[in-house]
Structures are given as C-alpha cells and as structure tokens.
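In the text below, chain A, chain B and the rest are named by the order of the sequence lines, each starting its count at 1. Note that the structure is predicted; figures quoted are calculated from it, not measured.
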Protein chains: 2
Amino acid sequence: MKIDPKSRADLSAQIAKAIRDAIISGEMIVDERLPSEAELADQFEVSRPTVREALKRLAAQNLIRTQRGATGGAFVRRLRYQDAYAQHITTSTLLLSMNAVDFETACEARYALERACAPLSAQRRTPDQLATMRAEIHRQGQPGLSDEVFCDSDVAFHRALVDGADNPVLSYQLAGAVEAMQPLMNMITFTARSREEIIALHTRIADAIEAGDAGAADAALAELTAYTLTLGQQAMAARDAARHGTDAT
Amino acid sequence: MKIDPKSRADLSAQIAKAIRDAIISGEMIVDERLPSEAELADQFEVSRPTVREALKRLAAQNLIRTQRGATGGAFVRRLRYQDAYAQHITTSTLLLSMNAVDFETACEARYALERACAPLSAQRRTPDQLATMRAEIHRQGQPGLSDEVFCDSDVAFHRALVDGADNPVLSYQLAGAVEAMQPLMNMITFTARSREEIIALHTRIADAIEAGDAGAADAALAELTAYTLTLGQQAMAARDAARHGTDAT
DNA sequence: AAACAATAAATGTCTGACAAATGAAAATCG
DNA sequence: CGATTTTCATTTGTCAGACATTTATTGTTT
C-alpha cells in the first residue's frame with residue numbers, strides 16, 4: 001500500500017486508490033480495521049485532512065465504514081446487495097437522464113433483460129413471489145389510482161418477477177435497468193384503456209409463471225414490450241406537440 | 001439545497017447528500033459551476049475542510065469534477081458511459097468476491113443476460129463487430145496462450161457480441177456481469193481440449209450472428225452456458241481437493 | 001500589436017487545536 | 001469479592017487560519 005511520492009498531484013485520490021486496490025485485491029478482508037487516520041498520515045507522509053478526504057471517497061463508495069470512539073476507526077465494509085442496488089440505481093438514473101437516452105433504448109434494454117429472467121422465474125418462483133405478482137395486479141386494477149402509484153406497482157410486479165429467478169446477481173443487474181426507467185415511465189399518462197391492456201398482459205405473465213410455461217411468459221413479455229413502446233411514443237409525441245404549442249404563443 | 005442544522009452528526013455526509021440531490025433532481029445542470037468552497041462553507045455554516053470532504057465524496061461518484069485556478073471550481077460532471085462502466089464493474093466485482101457468490105449463480109446470470117442480447121445483435125451487429133468476434137476466435141486458437149490471455153480474449157469476444165445489440169444501456173448493464181465474472185473464470189485452467197470446445201461454440205455463435213439467425217445463436221449460447229458450468233464445477237472440485245490435501249499434511 | 005509580468009481567485013495542502021463518542025481500565029461501594 | 005460507577009485514553013469529527021499551486025485575466029512594456 002504505497003503511493004508515488006514524486007507526483008504530488010491529487011494526493012487524496014492517490015491514497016484512496018491505494019487503499020481501494022488493497023481492498024479489491026483481497027489484501028484487506030471484511031471487517032478488518034484500517035490504521036488510524038494519524039497512522040495513515042504518517043505512512044503516506046501527508047497530513048490528516050488529506051487522509052480524511054481519501055477515506056471519505058472510499059466511504060462514498062461503501063467500501064469502508066467509520067466508527068468513533070476508543071476502539072473505533074475505519075473498517076473494511078462488506079458490500080451488501082442492498083447498498084449495491086442503491087448505488088447502481090443512482091448511477092443508472094443519472095446515466096439515462098444526463099445522456100438523453102431515448103425511451104425506446106431504455107425500454108428495449110429493460111424488457112430484453114427481463115425476458116432473460118422469465119424462464120428461470122417460471123422454474124423457481126416461490127409461492128410468495130407469485131402472490132406478490134397477483135397482489136400487484138389487483139392493486140393496478142383499483143380505480144382512482146394516480147399514474148405514479150400505478151408505476152410503482154408496475155415496478156413492484158416486475159421486481160417480483162425478476163426475484164423469482166432466485167439469482168441475486170440477476171436481481172442486482174436488473175434493479176438498475178427497471179428502476180432507472182421510472183422517470184421515463186412517469187411521463188406516460190395511463191388511460192383506463194391502456195391500464196386494462198397492461199393488467200391483461202400482467203395476468204398472462206403471472207399465469208405463465210404459475211404454470212411454469214417459459215414460452216408463454218416470453219410471448220406475453222414481448223407483447224408488453226411492444227405495447228409499452230407504443231405508449232411511450234404516444235407520450236413523447238404529445239409532449240413534443242405541447243412544447244411546440246407553447247413555443248408558438 | 002439546505003441541511004438540517006439541528007443534527008450535527010455526519011455533516012459532510014449531509015452536505016454531500018444535499019448537493020447530490022440537487023444534481024439528481026436536475027436543479028443543477030451539466031457543467032454548471034458549484035459555489036466555491038468558501039461560499040459553500042458559509043452557506044452550510046461549516047468549515048472549509050468539512051465542505052471539502054463532502055465534495056470528495058461526490059468526486060468519488062464521478063458526479064463532479066474540480067479544476068484549479070482562477071476560473072476553476074467544482075463543476076457538475078456529465079456522467080459518461082465509460083465512467084459508469086468502470087464504477088459498475090468495480091462494484092460488481094466487489095459484490096461477487098465479498099459475498100462469496102458461487103460460480104453457478106454468476107455464470108447463470110452472465111449467460112442469461114447475454115442471451116437477451118443475442119437476438120438484437122443478430123439483427124444489428126456491424127461488420128466491424130463481427131470482425132472483432134472473428135479476430136478474437138482466431139486469437140483464442142493461437143498455441144501457447146496463457147489462461148489469463150485466453151480469458152481476456154473471451155471477454156473481448158462477448159463484449160463485441162453485446163455491443164452488437166447497439167443498445168448502450170444493455171452494454172452498460174452487461175459490462176458489470178461479464179467483467180465481474182473474470183476473477184471466477186480465471187480460476188479455471190483451460191486444457192487444449194476445452195479450448196477447442198469453446199472455440200467451436202464461439203464459431204457457431206459468430207456464424208449465427210452473421211446469418212442473422214437468433215435461434216441458432218441462442219442455442220449455441222445455451223450450450224456454452226452448460227459447458228462453462230461444467231468446467232467451473234471441475235475447477236471448484238479440483239481446488240477443494242487441493243485444499244483438503246494441504247490441510248491434511 | 002505582441003510578448004511578458006503582475007494579479008486575483010480558486011483549489012490543494014498543512015498545522016494545530018478542540019469536541020464528541022466510546023470502550024476499557026481503575027476506583028469505589030455494598 | 002463482585003457489581004457499579006467513574007475516569008481515562010483513543011479515535012473520529014470539526015474548526016480556524018495559513019501557505020502553496022494553478023490558471024485566467026489584466027496591465028505593462030517593448
């Protein structure tokens with residue numbers, strides 16, 4: 001765990017990198033305590049604030065946790081799925097919004113990934129997960145639901161579908177795609193007619209998953225993809241028309 | 001952009017959150033300059049080092065970049081696919097290594113996701129991407145290749161396959177799964193026999209992609225999944241046997 | 001007009017200090 | 001002797017002020 005003393009640029013970044021590499025390489029194991037800030041400052045021959053900036057960088061990546069007090073210090077943190085989810089979703093959301101990813105691209109990616117999960121989910125889903133899917137479908141049929149709540153329920157439904165594959169790595173990867181889509185999905189106004197259509201497709205998916213019929217689930221998901229794309233294009237067209245109308249006045 | 005002055009705990013984390021929320025919500029746009037550190041310190045009523053720690057947290061997430069000099073400062077950074085890739089790969093790798101994800105789970109996730117890309121890639125791949133796949137297959141056939149180089153080439157091959165889908169969101173999601181698998185794949189020793197088998201499957205995949213035959217590509221990928229799983233299980237068994245042998249002595 | 005030097009603004013770093021939390025050891029009391 | 005309380009040392013969290021470094025601008029000189 002050494003840094004190059006010649007290049008005195010971005011010291012805190014260098015120190016963060018040195019420690020991060022030590023963690024990633026397995027040189028430091030989970031729950032191991034790092035040297036105290038004062039010791040690190042001595043080791044790297046920098047001041048304590050510089051060390052602290054480096055540690056904050058690592059804390060931002062959930063690589064370490066700090067604890068005050070006598071036996072406190074910085075500890076290598078076990079990266080939990082939950083933390084990784086959150087991080088992944090934040091990054092995905094930003095990526096989509098900052099790079100003006102169009103609805104078609106995001107939608108295609110999302111459903112392509114979901115269709116990868118469907119066959120596994122048809123085999124392995126627990127009764128609980130199936131019940132969640134049914135419950136969300138029922139919720140989506142409630143009258144007077146706001147578009148936002150409808151979207152939330154949609155995410156929950158698909159989340160249960162993905163989790164049914166019983167593969168945490170898949171769930172982790174999918175979480176980013178599905179949740180990051182939400183801001184885009186929220187631009188759609190769901191009419192009573194389109195909700196009916198979506199609920200019907202959801203029901204077909206749930207039925208297929210219950211029957212263990214991977215082919216039927218895939219077919220229903222394909223239709224849902226096409227239908228969502230249509231809705232998205234309509235929403236985009238409506239938004240553009242409204243914008244141009246505003247510009248003209 | 002305010003913080004709760006009552007809770008004086010984890011000030012730098014609170015400030016980082018406040019600024020991050022402002023960026024995510026779109027309140028601050030790309031390339032907009034943040035107030036100077038001194039001004040932020042005034043605004044939040046904390047000292048400059050505390051503000052700096054908060055900024056370092058954001059810099060670690062690639063949310064801002066800093067620039068020294070007269071017109072310098074901290075600027076909202078456009079999150080680029082490349083940066084997001086790197087971040088995603090780091091997180092995925094750590095997640096796999098720290099949570100003892102078994103080979104089967106990671107392998108299943110990886111190929112499930114790849115199979116989601118294959119149909120799109122069969123439709124859209126550029127001649128360039130196809131050429132890359134062919135070149136990597138040729139490289140994999142070179143004699144005297146180390147296991148590590150063979151693995152690198154394998155990743156490059158699959159990367160070309162994924163990029164052929166021409167969907168940056170898919171590429172981004174897949175990068176994490178494929179690259180994070182590498183440490184696990186590196187535990188496999190590839191015999192001449194197994195390399196032949198893999199190259200034959202890669203060739204079948206490339207042929208299918210060239211012909212635009214999604215079904216054939218999917219079938220070949222399914223076989224590759226099964227074969228890789230077998231190799232992985234053999235490697236795990238060999239490793240466990242060696243470990244027990246060492247323990248006994 | 002062009003080249004060069006002074007300037008100002010901003011980040012990067014350092015020193016030294018105090019506050020707050022926290023576990024461990026020491027002291028005290030029943 | 002045992003249990004409880006107190007004290008204390010260690011470590012992170014924060015602050016204040018200072019100086020170094022980088023860099024665009026501005027003014028000066030040739």
Side-chain angles (χ1 to χ4, degrees), chain A residues 1-20 22-23 28 31-77, chain B residues 1-20 22-23 28 31-77:
Chain A
M1 216 156 77
K2 283 274 173 282
I3 58 169
D4 182 10
K6 273 163 255 170
S7 93
R8 306 295 287 179
D10 263 327
L11 281 174
S12 71
Q14 283 179 51
I15 293 169
K17 185 176 186 321
I19 299 176
R20 178 164 43 237
I23 294 175
M28 307 205 65
D31 285 335
E32 186 175 340
R33 184 178 170 284
L34 272 70
S36 75
E37 295 177 353
E39 285 173 298
L40 285 172
D42 276 354
Q43 265 188 41
F44 288 117
E45 295 178 351
V46 296
S47 69
R48 216 187 120 210
T50 303
V51 167
R52 278 183 63 77
E53 287 183 3
L55 292 180
K56 290 308 166 196
R57 293 179 110 108
L58 299 175
Q61 297 182 309
N62 288 315
L63 284 177
I64 60 170
R65 64 186 160 81
T66 57
Q67 194 179 341
R68 296 224 282 212
T71 59
F75 298 84
V76 178
R77 178 172 179 173
Chain B
M1 215 154 77
K2 283 275 173 281
I3 59 170
D4 183 9
K6 274 161 252 167
S7 94
R8 305 295 288 178
D10 263 327
L11 282 175
S12 70
Q14 283 179 52
I15 293 170
K17 185 175 186 320
I19 299 176
R20 179 165 40 239
I23 294 175
M28 306 203 65
D31 285 335
E32 186 174 340
R33 185 178 169 284
L34 272 71
S36 75
E37 295 177 353
E39 285 174 297
L40 286 172
D42 277 354
Q43 263 189 41
F44 289 117
E45 295 178 352
V46 297
S47 69
R48 217 185 120 212
T50 304
V51 168
R52 280 183 62 77
E53 287 182 4
L55 292 180
K56 292 305 168 194
R57 293 179 112 109
L58 300 175
Q61 296 180 309
N62 288 316
L63 284 178
I64 60 169
R65 64 187 161 80
T66 57
Q67 195 179 338
R68 295 226 283 212
T71 59
F75 298 84
V76 177
R77 181 173 178 173

Checklist line | Phosphate contact (C/dA10 OP1 or OP2) by B/R33 side-chain N/O below 4.0 Å | finding: yes
Distances under 3.5 Å between nitrogen or oxygen atoms of protein and nucleotides 23-25 of chain C:
none

Item checked: Member of A/L58, A/L34, A/L63 meeting the side-chain contact (heavy atoms from CB on, under 4.5 Å) criterion with A/V76 -> A/L34
Note to self: Please report the distance, rounded to the nearest Å, between CD in A/E45 and P in C/dT15.
What the structure shows: 11 Å
Item checked: A/D42 CG to D/dT11 P, straight-line distance once rounded to whole Å -> 12 Å
Item checked: Spacing between A/L40 atom CG and C/dC14 atom P, to the nearest angstrom -> 14 Å
Next item on the list: Would you indicate which nucleotide in D/dA16, C/dT13, C/dG12 comes nearest to any side-chain atom of A/S47?
Entry: C/dT13
Item checked: Rounded interatomic separation in angstrom, taking CZ from A/F44 and C1' from C/dT13 -> 16 Å
Notebook entry, point to check: What pairs with A/R65 under salt bridge (Lys or Arg N to Asp or Glu O under 4.0 Å), at least two apart in sequence or on another chain?
Noted result: A/D31
Next item on the list: List for me each residue that meets side chain to side chain donor-acceptor pair (under 3.5 Å) alongside B/R48, sequence neighbours excluded, and say none if there are none.
Entry: B/E37
Check: With A/E39, which residues qualify under side chain to side chain donor-acceptor pair (under 3.5 Å), at least two apart?
Finding: A/S36
Notebook entry, point to check: Could you state the interatomic distance from CD (A/E53) to NZ (B/K56), rounded to the nearest 0.5 Å?
Noted result: 5.0 Å
Between N or O atoms, less than 3.5 Å apart, protein on one side and nucleotides 5-8 of chain D on the other: list the pairs.
none

Checklist line | salt bridge (Lys or Arg N to Asp or Glu O under 4.0 Å) partners for A/R33, two or more places apart | finding: none
Checklist line | Distance, rounded to the nearest Å, where B/E37 contributes CD and D/dT21 contributes C1' | finding: 14 Å
Notebook entry, point to check: Do you know which of B/V46, B/L40, B/D10 makes side-chain contact (heavy atoms from CB on, under 4.5 Å) with B/I15?
Noted result: B/V46
Notebook entry, point to check: Would you say a side-chain N or O of B/T66 is under 4.0 Å from OP1 or OP2 of C/dG12?
Noted result: yes
Checklist line | A/L55 side chain reached by A/T66 side chain, heavy atoms, under 4.5 Å | finding: no
Margin query: If the condition is salt bridge (Lys or Arg N to Asp or Glu O under 4.0 Å), which residues does B/R20 pass it with, not counting sequence neighbours?
Written below: none
Item checked: B/S47: side chain to side chain donor-acceptor pair (under 3.5 Å) partners, not counting sequence neighbours -> B/T50
Item checked: Contacts of type side-chain contact (heavy atoms from CB on, under 4.5 Å), residue A/A59, not counting sequence neighbours -> A/I64, B/R57
Check: Starting at CZ of A/R68 and ending at C1' of D/dA9, how long is that distance when rounded to a whole Å?
Finding: 16 Å
Checklist line | Positions of residues 49-65 of chain A (non-hydrogen atom under 4.0 Å from DNA chain C), listed by number | finding: A/P49, A/T50
Notebook entry, point to check: Under the 3.5 Å rule, do the base of D/dG17 and the side chain of B/R48 count as making a donor-acceptor pair?
Noted result: no
Check: Which atoms form the tightest heavy-atom contact between B/A54 and B/S12, and what is the distance?
Finding: CB-O, 3.3 Å
Could you list all N or O pairs between the protein and nucleotides 4-6 of chain C that sit under 3.5 Å apart?
none

Next item on the list: Calculate the interatomic distance between A/E39 atom CD and D/dT10 atom C1'; express it in whole Å.
Entry: 11 Å
